[in-house]
Amino acid sequence: MTVSIATTITVIDFRRQSLLLEWNLVNGSWTACDVPPALAHGVALVRASRPNICIYGHGGALHLQVDGERFVLSEKSPRLRCTDGAASFGFRKRFTVESSSGDILFKHSFWTGQGDEFFAWLAKRAADPVWRADCGRRWSEGVDASVLRAG
């Protein structure tokens, strides 16, 4: 008997929360669900410009995926930050994923007012180790999409 490993999970789109997506765990791509299932496992930010970003529960843990690169969010590492860009007068923001030693694993800069509030939403919640553990466990099992929409 072979064990099949899921390569896609269902997530909601952060901006269009009525849209459910099939997120590809291998490469971070997505397709819209033809027949949306009742349960979802995370939240994705998909845009015309890359990267596609998703936070989801899988195997009892919370994962952050940026295109094909995945990070398991343990209790305190990696750290997710959303800060004002240097010398931008508050018009530019910077989202970073930092290792426990302070190495930058991923960074993304964006202009404020461009609808990228996903990064601030994510950084704020991920700072709470209880939220990370609870969402990792619950989202892995799947939750009603309305629960994710309220979150």
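The first residue of the sequence shown is numbered 1, and numbering continues consecutively from there.
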Legend entry - side-chain hydrogen bond (donor to acceptor under 3.5 Å, both in side chains): pairs with one or both residues in residues 74-83, sequence neighbours excluded: R81-E98
Inset, instruction - Verify the ring-centre separation between W131 and W139: is it less than 6.0 angstrom? - result: yes
Legend entry - Candidate pair F14 and E117, rule side-chain contact (heavy atoms from CB on, under 4.5 Å), full reasoning: CA-CA 9 Å; F14 183 78; E117 63 278 355; 3.6 Å; yes
Separation of [Y] [atom2] from [X] [atom1] (nearest 0.5 Å):
X: T7; Y: W23; atom1: OG1; atom2: CH2; result: 13.5 Å
X: I9; Y: C54; atom1: CD1; atom2: SG; result: 5.5 Å
X: W30; Y: L19; atom1: CH2; atom2: CG; result: 6.5 Å
X: D13; Y: L20; atom1: CG; atom2: CG; result: 9.0 Å
X: F71; Y: L64; atom1: CZ; atom2: CG; result: 6.5 Å
X: L80; Y: L73; atom1: CG; atom2: CG; result: 5.5 Å

Inset, instruction - Quick one: list whatever passes ring pair (Phe, Tyr, Trp, His ring centres under 6.0 Å) with F95, sequence neighbours left out. - result: F119
Legend entry - Cluster check L39, L25: I/L/V/M/F/W/Y, side chain < 4.5 angstrom: no
Legend entry - Transitive ILVMFWY side-chain link F106 to I104, under 4.5 Å: no
Legend entry - Criterion side-chain contact (heavy atoms from CB on, under 4.5 Å) on C33 and T10, from CA distance to verdict: CA-CA 8 Å; C33 289; T10 304; 4.1 Å; yes
Inset, instruction - Take I55 and L62 through the test side-chain contact (heavy atoms from CB on, under 4.5 Å) and record every step on the way to the result. - result: CA-CA 7 Å; I55 184 161; L62 200 58; 3.7 Å; yes
Legend entry - Side-chain touch V11/V43, heavy atoms, less than 4.5 angstrom: no
Of all heavy-atom pairs between [X] and [Y], which one has the smallest distance, and what is that distance?
X: G136; Y: S140; value: O-OG, 2.6 Å
X: L21; Y: A32; value: CD2-CA, 4.2 Å
X: T8; Y: E22; value: OG1-OE1, 3.2 Å
X: Q65; Y: N27; value: NE2-C, 3.9 Å

Inset, instruction - Output yes when R94 and D84 qualify as a salt bridge under the 4.0 Å nitrogen-oxygen rule, no when they do not. - result: no
Legend entry - P78 and its side-chain contact (heavy atoms from CB on, under 4.5 Å) partner, picked from V97, V72, T96: V97
Inset, instruction - For the pair H63 and Y56, name the ring-plane relationship: parallel under 30°, tilted 30 to 60°, perpendicular over 60°. - result: parallel
Inset, instruction - Kindly state each residue pair satisfying salt bridge (Lys or Arg N to Asp or Glu O under 4.0 Å) with at least one member in residues 129-140, sequence neighbours excluded. - result: D134-R137, D134-R138
